[in-house]
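Some notes on the structure that comes next.
Nothing here was measured: the structure is a model prediction, and the numbers come from that model. FYI, the numbering just counts along the sequence from 1.
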Amino acid sequence: PKAHASAYVTMSFRIAYFKLYHKEAFYATYFTTKAADFDVDIISRGIDAVLANIKAIEAKGNEATNKELDLLTVLESAYEMYKRGVQLLKVDIYKSHATQFKVVDQKLLPPLISVPGLGETVAKKIYEEAQEEFISLEDFRKRTKASKTVVEMLQKQGCLQGIPESNQLSLF
């Protein structure tokens, strides 16, 4: 038991070190483990939206669902992240990884899977296909097999800005 306890203490010191001196890497790693619960729609709106959602879930008390309780844990960490000055970038279909957070210019870049309604399979397909530029939303849907709902969510997040609707060119 003593060796086991000392292993936990050692691990705690390591975590504390990274949390203090490498905060972006710490949050990137932590949120990667919680990527399925991370709601970029809420968290990208900033500290006030995060705090409002924390209070809303806490107000439910025992009525809160398991999914809401999992989200609450992530929201609390996101609140702490914002208080510590770490910034969150918008999801980018060309730069974001399918399932892992990245640190880009001392800011966190969320993965594709953090977009609500986007499953792991579609996120991986978008990540693979994004190695070549999408010429239109039509091309995007065809190559990634993304549903209309997924495309709408990505548009809502601003991920598909600048991509024309169709492959057809308008001459006039």
Review point. OG1 of T121 to NZ of K145: how many Å apart, nearest 0.5 Å?
Key: 13.5 Å
Review point. Tell me, do Y94 and E133 make a side-chain contact under 4.5 Å, heavy atoms counted?
Key: yes
**Study point:** Nearest-0.5 Å distance, CG of residue N66 to CG of residue L72
**Key:** 12.0 Å
**Study point:** Check: Y82 and L88 side chains under 4.5 Å, non-hydrogen atoms
**Key:** yes
Practice item. Determine, step by step, whether D37 and K34 satisfy the side-chain contact (heavy atoms from CB on, under 4.5 Å) criterion, reporting the C-alpha distance in whole Å, the side-chain angles of both residues, the deciding distance to 0.1 Å, and the verdict. Key: CA-CA 5 Å; D37 300 325; K34 302 282 189 183; 4.3 Å; yes
Review point. Given K124 and E128, is the salt bridge (Lys or Arg N to Asp or Glu O under 4.0 Å) satisfied, shown in steps?
Key: CA-CA 6 Å; K124 286 180 178 178; E128 289 170 15; over 6 Å; no
Review point. Which value, rounded to the nearest 0.5 Å, describes the distance between R84 atom CZ and K19 atom NZ?
Key: 7.0 Å
Check your understanding: Going hydrophobic residue to hydrophobic residue with side-chain gaps under 4.5 angstrom, can you get from V9 over to M11?
Key -> no
Practice item. Walk me through it: do L154 and L160 pass the test side-chain contact (heavy atoms from CB on, under 4.5 Å)? Key: CA-CA 6 Å; L154 289 169; L160 301 175; 3.7 Å; yes
Review point. Quick one: do V86 and I42 end up in the same hydrophobic cluster if we chain Ile, Leu, Val, Met, Phe, Trp and Tyr together by side-chain heavy atoms under 4.5 Å apart?
Key: yes
Point to revise | Polar side-chain atom of Q100 near backbone of H97 as donor-acceptor pair, under 3.5 Å | key: no
Check your understanding: With distance as the sole test, does D105 use its side chain to make a donor-acceptor pair with the main-chain N or O of K107 at under 3.5 Å?
Key -> no
Check your understanding: Is S96 reaching over with its side chain to a backbone N or O of I93, donor-acceptor style, under 3.5 angstrom?
Key -> no
Practice item. Report, as yes or no, whether the 6.0 Å neighbourhood of atom CD on E152 holds more than 12 heavy atoms from other residues, nucleotides or ligands. Key: yes
Practice item. Drop me the distance from D92's CG to Q157's CD, to the nearest 0.5 angstrom. Key: 12.0 Å
Exercise for review: Flag yes if I15 and V74 sit in one hydrophobic cluster, no otherwise; membership is Ile, Leu, Val, Met, Phe, Trp, Tyr, and two members link when side-chain heavy atoms are under 4.5 Å apart.
Suggested key: yes
Point to revise | Co-membership, hydrophobic cluster, residues V150 and V91, 4.5 Å side-chain | key: yes
Practice item. Kindly assign one of parallel, tilted or perpendicular to the pair F26 and Y30, based on the angle between their ring planes and the thresholds 30° and 60°. Key: parallel
Exercise for review: Report yes if the side chains of F18 and K23 come closer than 4.5 Å at any heavy-atom pair, otherwise no.
Suggested key: no
Check your understanding: Do L118 and M153 come close enough that some side-chain heavy atom pair is under 4.5 Å?
Key -> no
Review point. In terms of hydrophobic clustering (I, L, V, M, F, W, Y; side-chain heavy atoms under 4.5 Å; direct or indirect links), are L112 and L89 co-clustered?
Key: no
Point to revise | Side-chain heavy atoms of V151 within contact of F140, under 4.5 Å | key: yes
Review point. Atom CD in E68, atom NZ in K60: separation rounded to 0.5 Å?
Key: 3.5 Å
Exercise for review: Taking atom types as modelled, find out whether Y27 and E80 have a side-chain donor-acceptor pair closer than 3.5 angstrom.
Suggested key: yes
**Study point:** L109 vs K90 side-chain heavy atoms within contact, under 4.5 Å
**Key:** no
**Study point:** Check: S114 side chain, P110 main-chain N or O, donor-acceptor pair, under 3.5 Å
**Key:** no
Practice item. Please tell me if the side chains of E58 and E76 come closer than 4.5 Å, counting only heavy atoms from C-beta onward. Key: yes
Review point. Rounded to the nearest 0.5 Å, what separation is found between the CD1 atom of I126 and the CZ atom of F134?
Key: 7.0 Å
Exercise for review: For salt bridge (Lys or Arg N to Asp or Glu O under 4.0 Å), just list the numbers for R141 and E129, CA-CA rounded to whole Å, side-chain angles, deciding distance to a tenth of an Å, and then say yes or no.
Suggested key: CA-CA 11 Å; R141 282 188 212 103; E129 292 295 329; over 6 Å; no
Practice item. Compare all side-chain heavy atoms of I43 with those of L75 and state whether any distance is below 4.5 angstrom. Key: yes
Exercise for review: Apply side-chain contact (heavy atoms from CB on, under 4.5 Å) to the pair F38 and L71, showing each step before the final yes or no.
Suggested key: CA-CA 7 Å; F38 192 92; L71 176 61; over 6 Å; no
Exercise for review: Could you give me the CA-CA distance, side-chain angles and deciding distance for I47 and K83, then say whether side-chain contact (heavy atoms from CB on, under 4.5 Å) is met?
Suggested key: CA-CA 8 Å; I47 194 167; K83 290 297 260 185; 3.4 Å; yes
Review point. Between P111 and A98, what is the shortest heavy-atom contact and its length?
Key: CB-O, 3.6 Å
Review point. Is the backbone N or O of E132 less than 3.5 Å from a side-chain atom of R143, with the two atoms forming a donor-acceptor pair by type?
Key: yes
